[in-house]
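This report concerns only the one structure given below.
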There are 2 protein chains.
Amino acid sequence: MATTNKYMNIFQELSSEIKNGVFKPNALLPSEHELCERFNTSRETIRKALTLLSQNGFIQKMQGKGSLVLDISKMTFPVTGLVSFKEIQQSLGRDIQTTVHKLELIEAEDWLANQLECPEHALTWEVVRARTIQGERVILDKDWLLQSSVPSLTEEICGDSIYAYLEGQLGLNISYAKKEITVEPATDEDRALLDLDGYSHIVLVKNFVHLEDTSIFQYTESRHRLDKFKFVDFARRRK
Amino acid sequence: MATTNKYMNIFQELSSEIKNGVFKPNALLPSEHELCERFNTSRETIRKALTLLSQNGFIQKMQGKGSLVLDISKMTFPVTGLVSFKEIQQSLGRDIQTTVHKLELIEAEDWLANQLECPEHALTWEVVRARTIQGERVILDKDWLLQSSVPSLTEEICGDSIYAYLEGQLGLNISYAKKEITVEPATDEDRALLDLDGYSHIVLVKNFVHLEDTSIFQYTESRHRLDKFKFVDFARRRK
DNA sequence: CAGTGGTCTAGACCACTTA
DNA sequence: AAGTGGTCTAGACCACTGT
């Protein structure tokens with residue numbers, strides 16, 4: 001829970017107080033000066049925490065006035081950014097089953113080596129999983145992970161959350177990702193492993209995940225039935 | 001060009017140097033200490049500029065090593081965040097025509113008042129525009145703007161860029177927006193005003209745009225033909 | 001070890017809001 | 001005028017990377 005960072009701790013404490021209604025929407029946070037006293041720290045440190053709150057949609061800072069608490073309930077929260085399928089569904093309190101259809105160590109073909117920006121024939125875990133929500137198989141997740149970063153992988157881990165294993169057990173440092181969302185014709189595999197319900201197309205979310213050394217170690221295709229797809233994004237205007 | 005902010009100027013100068021190849025991908029930026037000397041400023045100010053570069057995908061900071069320049073060309077840049085249709089298309093060098101189908105001042109019905117979080121019957125500009133790309137009408141933009149924020153609106157402005165008018169002429173301060181992306185059945189209006197090419201569904205991007213006082217002043221539905229939709233997102237992991 | 005970035009401080013000055 | 005947030009500074013100490 002407690003990270004070593006002062007401003008990170010303050011951010012987490014304030015954000016959970018907002019979530020728990022200690023600070024209500026449309027009210028003002030205590031002033032930066034007051035927060036300095038409460039957390040016994042300097043103003044720049046408080047400001048780093050407030051900047052994080054602002055970037056994550058918790059508050060709106062207004063010069064001369066204060067920091068206004070935004071209404072999180074209106075934001076279908078935080079589905080944007082680097083959040084795994086499981087984290088999102090858990091936050092919605094959904095009931096999900098995962099079926100692992102494939103878990104193999106393969107050699108990367110040229111198209112895959114291209115996506116992963118790795119040498120051809122690099123050893124790669126290929127994982128195919130279907131996600132069942134409320135009795136319907138509506139998402140097909142296809143993952144490729146470089147074995148150089150992930151030495152071993154078991155069906156048990158894939159049935160749970162790969163992310164939790166990577167960050168928790170392996171201590172991999174994920175730093176950023178690029179997502180691409182498009183709509184594509186459904187493949188035979190989609191029709192076999194999903195309940196497509198007559199839809200001829202699927203929403204394809206490609207995800208390129210980078211480590212702190214900037215190398216790609218995971219490429220994911222998340223294939224969603226059209227009517228079960230939703231993406232929410234919160235963005236601040238950069239002047 | 002030159003904002004009053006030192007760190008903003010440094011961010012813009014460094015980012016354009018990266019774009020122009022002064023700093024090449026996979027090379028390191030000068031150290032923070034060196035940048036302090038070059039820009040004649042303190043280290044925290046340099047670090048604010050570098051944080052912006054990092055958040056926007058230009059660099060990856062590595063403790064003990066330095067700031068690595070990322071390969072922007074791989075990022076289909078910056079389609080994420082609060083960028084208007086016109087800005088995106090211009091950045092891709094595309095050839096676009098806009099047809100204004102409707103431009104009326106109406107009273108907000110209940111569903112619209114709900115989206116805009118405004119009183120019912122509030123005076124609202126309703127704008128419907130079709131976007132033609134390479135000869136095909138593939139995007140239908142439906143905008144609603146509160147007249148209290150936008151007193152007048154002409155067909156000429158709508159044919160160009162509403163955003164440029166709002167920020168440039170009216171001086172409106174847009175601060176953040178929430179986007180929702182889903183897939184919906186095409187309506188009769190979609191079929192009438194777009195070249196749907198047989199597709200039964202469209203990608204719907206809802207956009208709620210907020211001002212600095214946090215009020216919503218614009219609600220937009222951007223309806224895309226399935227095969228002409230693409231969304232790119234760059235996200236950093238928040239630990 | 002020297003050099004890098006990561007965090008934190010105490011204070012300064014400015015711009016904006018409200019009364 | 002007093003209180004708020006926005007910017008900037010000069011310095012400190014720490015953690016990590018390389019040689």
Side-chain angles (χ1 to χ4, degrees), chain A residues 2-14 23 26-55 58-70 171 173 175-176 211-215 236-239, chain B residues 2-14 23 26-55 58-70 171 173 175-176 211-215 236-239:
Chain A
T3 50
T4 54
N5 288 16
K6 217 166 191 175
Y7 72 87
M8 207 59 186
N9 286 329
I10 297 171
F11 163 69
Q12 280 162 355
E13 190 158 338
L14 290 177
F23 300 117
N26 296 318
L28 292 176
L29 283 188
S31 73
E32 297 181 352
H33 177 67
E34 289 172 302
L35 291 173
C36 289
E37 295 193 333
R38 167 173 165 190
F39 291 102
N40 189 32
T41 187
S42 69
R43 207 176 137 218
E44 285 286 12
T45 300
I46 290 294
R47 285 178 57 73
K48 277 184 189 166
L50 293 184
T51 298
L52 280 177
L53 288 174
S54 171
Q55 286 171 339
F58 289 95
I59 62 170
Q60 171 76 6
K61 307 185 82 176
M62 292 187 289
Q63 194 173 35
K65 289 188 185 167
S67 296
L68 192 72
V69 179
L70 298 180
N173 288 312
S175 70
Y176 63 94
L211 299 177
E212 280 187 345
D213 66 1
T214 76
S215 67
R236 289 202 166 269
R237 182 82 168 166
R238 162 166 72 83
K239 288 273 180 49
Chain B
T3 49
T4 54
N5 289 19
K6 218 167 189 175
Y7 73 87
M8 207 57 187
N9 287 329
I10 296 171
F11 163 69
Q12 280 163 354
E13 191 158 335
L14 290 177
F23 300 117
N26 297 317
L28 293 176
L29 284 189
S31 74
E32 296 181 351
H33 178 68
E34 288 171 303
L35 290 173
C36 289
E37 295 193 334
R38 167 173 164 189
F39 292 103
N40 190 32
T41 188
S42 70
R43 205 175 138 220
E44 285 286 13
T45 300
I46 290 293
R47 285 178 57 74
K48 278 184 188 164
L50 293 184
T51 297
L52 280 177
L53 288 174
S54 171
Q55 286 171 339
F58 288 96
I59 63 171
Q60 171 75 8
K61 308 185 81 177
M62 292 187 290
Q63 194 172 36
K65 289 187 184 168
S67 296
L68 192 72
V69 179
L70 298 179
N173 288 314
S175 70
Y176 63 94
L211 299 177
E212 280 188 344
D213 66 0
T214 76
S215 67
R236 289 202 167 270
R237 181 83 167 166
R238 163 166 72 82
K239 288 272 182 49

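Residue numbers begin at 1 in each chain, while the letters A, B, ... track the order of the sequences. Fair warning: this is a prediction, and the values are worked out from it, not measured in the lab.
As a whole-Å value, the separation of A:Q63 CD from C:dT17 C1' is 9 Å. Atom NZ of B:K48 and atom C1' of D:dT9 are 10 Å apart (whole Å). B:E34 places its CD atom 6 Å from the P atom of C:dT4, with the value rounded to the nearest Å. Separating the CZ atom of B:R47 from the P atom of C:dT9 is a distance of 15 Å, rounded to the nearest angstrom. Following rounding to the nearest Å, B:I46 (CD1) and C:dG6 (P) show an atom-to-atom distance of 14 Å.
If A:R43 and A:G64 are placed on DNA chain D by their nearest nucleotide, the residue sitting closer to the 5' end is A:G64.
Put simply, the side chain of B:S54 never gets that close to the backbone of B:Q60: no donor and acceptor are under 3.5 Å apart. The main-chain N or O of B:L211 is found under 3.5 Å from a side-chain atom of B:S175 such that the two form a donor-acceptor pair.
In this structure, of C:dT7, C:dG5, D:dC8, it is D:dC8 that holds the atom nearest to the side chain of B:K6. Among C:dT17, C:dG6, C:dC8, the nucleotide with an atom closest to any side-chain atom of B:E32 is C:dG6. When distances are taken from the side chain of B:T45 to each of C:dC8, D:dT9, D:dT7, the shortest belongs to D:dT9. Nearest to the side chain of B:S31, among D:dT9, C:dC8, C:dT4, sits C:dT4.
Distance CZ/A:F23 to CG/A:L28: 11.0 Å, rounded to 0.5 Å. Annotation: the span from A:R47 atom CZ to A:R43 atom CZ amounts to 5.5 Å, rounded to 0.5 Å.
At a cut-off of 3.5 angstrom, counting only N and O atoms as typed in the model, there is a donor on one side and an acceptor on the other between the side-chain of B:E44 and the base of C:dC8.
Phosphate proximity of D:dC8 to B:Y7: absent, as no side-chain N or O sits under 4.0 Å from OP1 or OP2. Side-chain nitrogen and oxygen atoms of B:K65 include none within less than 4.0 Å of the OP1 or OP2 phosphate oxygen of D:dC16.
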